Every structure is written in structure tokens, then in C-alpha cells.
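Since we're looking at a predicted model, the values are computed, not measured.
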Amino acid sequence: MRNFFFRGILVICAALLGACVDQEALRKAELDQIASLLPGRYDNLTQVRGEAVGPRESLALLILPVYTPSIGRYTFYMQESAADDPLRLLSQRIYSFQIGPSEAVIQSLATFDEPQRWRNAQDNPEVFKGLMVQDLKVMGGCELTWTRAMNGFEARNDRQTCRSVSRATGSRINVELRMTLDAEGIAISEQHFDAGGRVVYGDRSDPFYRFERSQ
């Protein structure tokens with residue numbers, strides 16, 4: 001009876017271990033898919049042309065995979081600019097992906113401590129080999145969790161842990177970030193909420209900027 005009991009325990013442990021390995025392999029495959037879909041040049045011109053009232057700004061995105069030994073394998077440089085003026089740079093970020101402790105694909109975001117140093121770095125991506133953690137301002141608590149969607153992937157953060165300060169009022173805000181990604185493009189939403197849960201930044205009805213792949 002004892003041997004039968006221990007054999008049963010071993011079978012259960014083996015099954016659980018196999019399930020963990022399968023989940024890890026699945027997440028790794030999803031991460032590889034996200035990494036292959038993400039790079040490219042995008043713009044939201046189709047969305048802007050279709051908005052009859054209060055059109056949002058025309059933007060262009062560049063997302064470039066970069067080799068950064070100190071950050072990790074799945075690292076990308078994101079540069080946002082005005083669609084009609086590539087020299088008018090609006091933001092620069094580093095996207096870094098990994099499989100988190102909960103076996104989910106997690107995206108971390110960071111800005112640059114010295115943005116001008118990395119301006120138009122896509123023209124010389126070798127410079128990212130020297131990128132160090134101390135060169136970045138990591139947006140702690142704002143990590144996005146990625147899951148598979150019908151036609152691709154979607155991601156969102158926990159706005160309760162993603163906190164910042166409003167430039168307009170100086171008050172504390174919570175930031176909600178969402179993304180969708182498929183073969184056609186990427187959509188990005190950023191909304192800010194005050195202490196009462198009211199939206200103080202970002203379109204309430206449709207907060208997404210929808211970028212189509214141009215290259």
C-alpha cells in the first residue's frame with residue numbers, strides 16, 4: 001500500500017512538472033511571436049483622416065529591436081515623432097520583455113535619463129550595446145501583462161500600482177496603459193486618473209491611438 005501511495009505521489013509530481021514545462025514553453029513561444037510582430041515603422045494617419053471632429057495628432061512610431069547585454073535579449077527602442085515632421089521628436093522609450101514569475105509575458109517600460117544622447121539612435125543601433133540600467137528611468141509599477149487575443153495580443157497594466165504626478169496640476173495620478181498588437185499594426189492607449197477615479201488625460205470614449213504598419 002505504501003509503495004502504491006508513493007508511486008501515486010510521483011505520478012502527480014511528474015504531471016505537475018510537465019504542466020509547468022508546457023506553460024513555460026507556451027509563454028516562450030508567445031514572447032517570440034510578440035518580438036517578431038513588434039518591430040517596424042507605423043503611423044496613425046488612417047485613424048486621423050477618419051475622425052471628423054477633433055482629430056488627434058498625426059504621429060509616427062519607430063520600434064527597433066536592439067542588442068543590450070545589460071538589459072536583456074528582448075529589448076526594443078521606441079521613438080515617437082510627428083508624422084509630418086520626423087525632426088519633432090515627442091518621446092523615446094525602452095521596451096523590455098521577459099517571462100514573469102507568474103508565467104506571463106511582462107513588458108517593462110523606461111525613459112532615458114539623457115534623452116538627447118539617444119536621439120535618432122536608430123541610425124546607429126550599435127550605441128545600444130553600451131546602454132546600462134543607470135541610463136534609464138524605469139517606470140516602476142507600470143509593467144504590462146501580455147495575453148493572446150483573437151487576432152494577436154493585448155496588454156494592460158495595473159493602474160493602481162502605476163503612479164505619477166500631473167504636470168498640469170502637480171497632483172498624484174494613476175496611469176492606465178493598454179496595447180494591442182497584430183500583423184497589421186499596434187494600438188496604444190494611455191489614460192490618467194485622479195484620486196477620485198476621474199479621467200484627467202486621454203479620450204474617454206476612444207483612448208487608443210491606432211498605428212498601421214508602414215514598413
Side-chain angles (χ1 to χ4, degrees), residues 22-44 46-47 56-57 59-66 68 71-81 90-112 128 133 136-164 173-193 197 199-215:
D22 288 345
Q23 285 298 310
E24 184 177 356
L26 179 60
R27 296 291 90 77
K28 176 62 166 56
E30 290 177 348
L31 179 51
D32 285 336
Q33 285 182 280
I34 292 168
S36 67
L37 284 171
L38 193 59
R41 293 182 181 272
Y42 305 84
D43 64 59
N44 69 332
T46 299
Q47 181 187 27
R56 65 195 75 209
E57 188 171 8
L59 302 175
L61 287 185
L62 167 68
I63 301 179
L64 176 74
V66 294
T68 56
I71 307 300
R73 174 183 174 186
Y74 296 96
T75 302
F76 299 82
Y77 171 65
M78 188 283 287
Q79 180 172 286
E80 180 186 57
S81 60
L90 302 175
S91 68
Q92 299 164 276
R93 285 182 178 177
I94 286 290
Y95 293 165
S96 180
F97 293 82
Q98 61 181 334
I99 299 174
S102 60
E103 298 298 335
V105 177
I106 304 297
Q107 176 189 357
S108 299
L109 304 100
T111 57
F112 292 98
F128 287 107
V133 174
L136 300 173
K137 296 178 180 178
V138 179
M139 299 170 63
C142 298
E143 297 82 3
L144 291 93
T145 299
W146 284 78
T147 55
R148 189 175 290 280
M150 183 176 297
N151 297 316
F153 296 89
E154 60 187 18
R156 72 187 309 154
N157 72 334
D158 181 354
R159 82 180 194 214
Q160 299 305 319
T161 63
C162 187
R163 302 183 180 93
S164 187
I173 55 173
N174 289 75
V175 181
E176 182 177 270
L177 303 169
R178 289 187 286 166
M179 293 186 185
T180 66
L181 176 68
D182 58 32
E184 302 301 319
I186 184 170
I188 301 175
S189 164
E190 179 174 334
Q191 289 182 302
H192 299 174
F193 296 81
V199 177
V200 294
Y201 173 84
D203 193 309
R204 290 176 176 82
S205 59
D206 182 11
F208 279 97
Y209 279 71
R210 293 181 172 82
F211 297 93
E212 294 181 348
R213 191 181 300 275
S214 55
Q215 276 188 6

Do [X] and [Y] touch side chain to side chain, with heavy atoms closer than 4.5 Å?
{"X": "M139", "Y": "V175", "value": "no"}
{"X": "T68", "Y": "I94", "value": "no"}
{"X": "E176", "Y": "N157", "value": "yes"}
{"X": "L181", "Y": "W146", "value": "yes"}
{"X": "I106", "Y": "T145", "value": "yes"}

Write down the atom of [X], the atom of [Y], and the distance for their closest heavy-atom approach.
{"X": "I99", "Y": "E24", "value": "CD1-O, 4.3 Å"}
{"X": "Q33", "Y": "S36", "value": "O-OG, 2.8 Å"}
{"X": "L59", "Y": "N44", "value": "N-OD1, 2.7 Å"}
{"X": "D206", "Y": "R56", "value": "O-NH2, 3.2 Å"}
{"X": "A35", "Y": "P39", "value": "O-CD, 3.1 Å"}

Examine distances only and state if a side-chain atom of [X] and a backbone atom of [Y] form a donor-acceptor pair shorter than 3.5 Å.
{"X": "D182", "Y": "A149", "value": "no"}
{"X": "R204", "Y": "V199", "value": "yes"}
{"X": "R213", "Y": "L37", "value": "yes"}
{"X": "E103", "Y": "Q23", "value": "no"}
{"X": "T75", "Y": "V66", "value": "no"}
{"X": "R178", "Y": "E154", "value": "no"}

Could you tell me the separation between the [atom1] atom of [X] and the [atom2] atom of [Y], rounded to the nearest 0.5 Å?
{"X": "L38", "Y": "Y74", "atom1": "CG", "atom2": "OH", "answer": "13.0 Å"}
{"X": "E184", "Y": "Y42", "atom1": "CD", "atom2": "OH", "answer": "10.5 Å"}
{"X": "L109", "Y": "L144", "atom1": "CG", "atom2": "CG", "answer": "5.5 Å"}
{"X": "D32", "Y": "R73", "atom1": "CG", "atom2": "CZ", "answer": "6.0 Å"}
{"X": "R210", "Y": "S189", "atom1": "CZ", "atom2": "OG", "answer": "9.0 Å"}
{"X": "Q79", "Y": "L90", "atom1": "CD", "atom2": "CG", "answer": "9.5 Å"}

*Classify the ring geometry between F211 and Y209 as parallel (under 30°), tilted (30 to 60°) or perpendicular (over 60°).*
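The arrangement is parallel - the two ring planes meet at less than 30°.
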*Where does the angle between the aromatic ring planes of F128 and Y77 fall among parallel (under 30°), tilted (30 to 60°) and perpendicular (over 60°)?*
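Ring orientation, 0 to 90° scale: tilted.
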_Any salt bridge linking R27 with E30? Criterion: basic side-chain nitrogen under 4.0 Å from a carboxylate oxygen._
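Salt bridge: yes.
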_Is it true that, when you exclude E57 itself, more than 12 heavy atoms of the residues, nucleotides or ligands shown sit nearer than 6.0 Å to its CD?_
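Yes, because the 6.0 Å sphere around CD of E57 holds more than 12 heavy atoms from other groups.
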*Would you check, one step at a time, whether the test side chain to side chain contact (heavy atoms under 4.5 Å, CB included) holds for L136 with F112?*
CA-CA 5 Å; L136 300 173; F112 292 98; 3.8 Å; yes
